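I have placed the structure first, in the form of structure tokens, so that the comments after it can refer back to it.
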Amino acid sequence: MPSTDATAPSPLHRIGRNLRNPFALGYLALCLALLVWALVVTIADDSGESMAGVIPLLATAPTSLVFLSLPGGAPTLVLSMVVGALVNASVIGWCARALTRGNRSDPSR
């Protein structure tokens with residue numbers, strides 16, 4: 001019979017720990033700066049032909065490209081960038097934690 005460990009962290013706890021990694025936080029800060037820059041440039045553009053939203057969209061790819069196909073216009077574009085940044089930051093945090101752990105086993109698993 002498989003044993004169940006009552007002290008194992010939940011998946012949400014693991015995601016939160018991955019997002020608190022310094023590399024993940026740096027990535028999130030960069031994505032936020034790119035998103036704010038794109039919004040400011042787009043609002044300041046009188047012609048309505050600004051392509052500034054492409055930069056943060058590519059910075060949060062591939063997840064943001066999946067959510068981009070949803071209907072809804074500008075709010076969906078921003079939502080796809082936010083979700084893409086959170087997913088990518090979680091992966092970055094997980095990779096950084098795994099690489100800095102070395103050969104030691106993860107006590108939280």
Side-chain angles (χ1 to χ4, degrees):
M1 263 170 59
S3 65
T4 58
D5 189 11
T7 62
S10 69
L12 287 178
H13 177 73
R14 289 183 186 182
I15 291 171
R17 187 176 52 216
N18 290 342
L19 290 175
R20 287 189 302 267
N21 185 284
F23 293 110
L25 290 174
Y27 174 76
L28 285 173
L30 174 71
C31 289
L32 178 65
L34 287 173
L35 181 60
V36 169
W37 169 79
L39 290 174
V40 168
V41 169
T42 302
I43 290 171
D45 184 23
D46 292 337
S47 66
E49 299 173 355
S50 176
M51 293 292 291
V54 172
I55 302 298
L57 188 68
L58 290 177
T60 58
T63 309
S64 62
L65 297 176
V66 172
F67 286 96
L68 185 63
S69 63
L70 297 174
T76 304
L77 178 67
V78 173
L79 179 69
S80 69
M81 291 179 201
V82 169
V83 170
L86 288 173
V87 168
N88 290 347
S90 180
V91 170
I92 289 170
W94 176 78
C95 289
R97 203 183 60 183
L99 288 172
T100 56
R101 185 174 59 226
N103 288 334
R104 294 175 285 140
S105 65
D106 190 4
S108 65
R109 284 186 56 179

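Small disclaimer: the values here were computed from a predicted structure and weren't measured. Computed from heavy atoms alone, side chains included, the values below leave out hydrogens, waters and symmetry copies.
Among the candidates Leu39, Thr60, Ile55, the single residue satisfying the side-chain contact (heavy atoms from CB on, under 4.5 Å) test with Leu34 is Ile55.
Cluster membership check: Val87 shares its hydrophobic cluster with Phe67, using side-chain heavy-atom separations under 4.5 Å among Ile, Leu, Val, Met, Phe, Trp and Tyr. Residues Leu86 and Leu32 do not share a hydrophobic cluster, clusters being chains of Ile/Leu/Val/Met/Phe/Trp/Tyr side chains in contact below 4.5 Å. With hydrophobic clusters built from ILVMFWY side chains whose heavy atoms lie under 4.5 angstrom apart, Leu28 shares a cluster with Leu57. A chain of hydrophobic side-chain contacts below 4.5 Å, direct or via other Ile, Leu, Val, Met, Phe, Trp or Tyr residues, connects Leu58 to Met51. One hydrophobic cluster, built from ILVMFWY side chains closer than 4.5 Å, cannot hold both Met81 and Val66; they sit in different ones.
The closest donor-acceptor contact from the side chain of Asn88 to the backbone of Ala61 lies under 3.5 Å. For the pair Ser80 (side chain) and Leu77 (backbone), a donor-acceptor distance under 3.5 Å is present.
Of all the heavy atoms in Ser50 and Thr42, the pair that sits closest is OG-OG1, 3.5 Å. The minimum heavy-atom distance linking Pro75 with Gly72 is given by the pair CD-O, 3.4 Å. Annotation for Trp37 and Ala52: closest pair CZ3-O, 3.8 Å, computed over non-hydrogen atoms. Minimum heavy-atom separation, Ala89 to Leu19: CB-CD2, 3.7 Å.
Counting heavy atoms from C-beta on, the side chains of Val41 and Asp45 never come closer than 4.5 Å. Between Tyr27 and Cys31 there is a side-chain heavy-atom pair separated by less than 4.5 Å. Val78 has its side chain within reach of Leu35: a pair of non-hydrogen atoms, C-beta onward, lies under 4.5 Å apart. By the 4.5 Å heavy-atom criterion applied to side chains, Thr76 and Leu68 are not counted as neighbours.
In this structure, CZ in Arg20 is found 11.0 Å from OG in Ser90, a value given to the nearest 0.5 Å. Note that CG of Asn18 and CD1 of Ile92 are 11.0 Å apart. Values are rounded to the nearest 0.5 Å.
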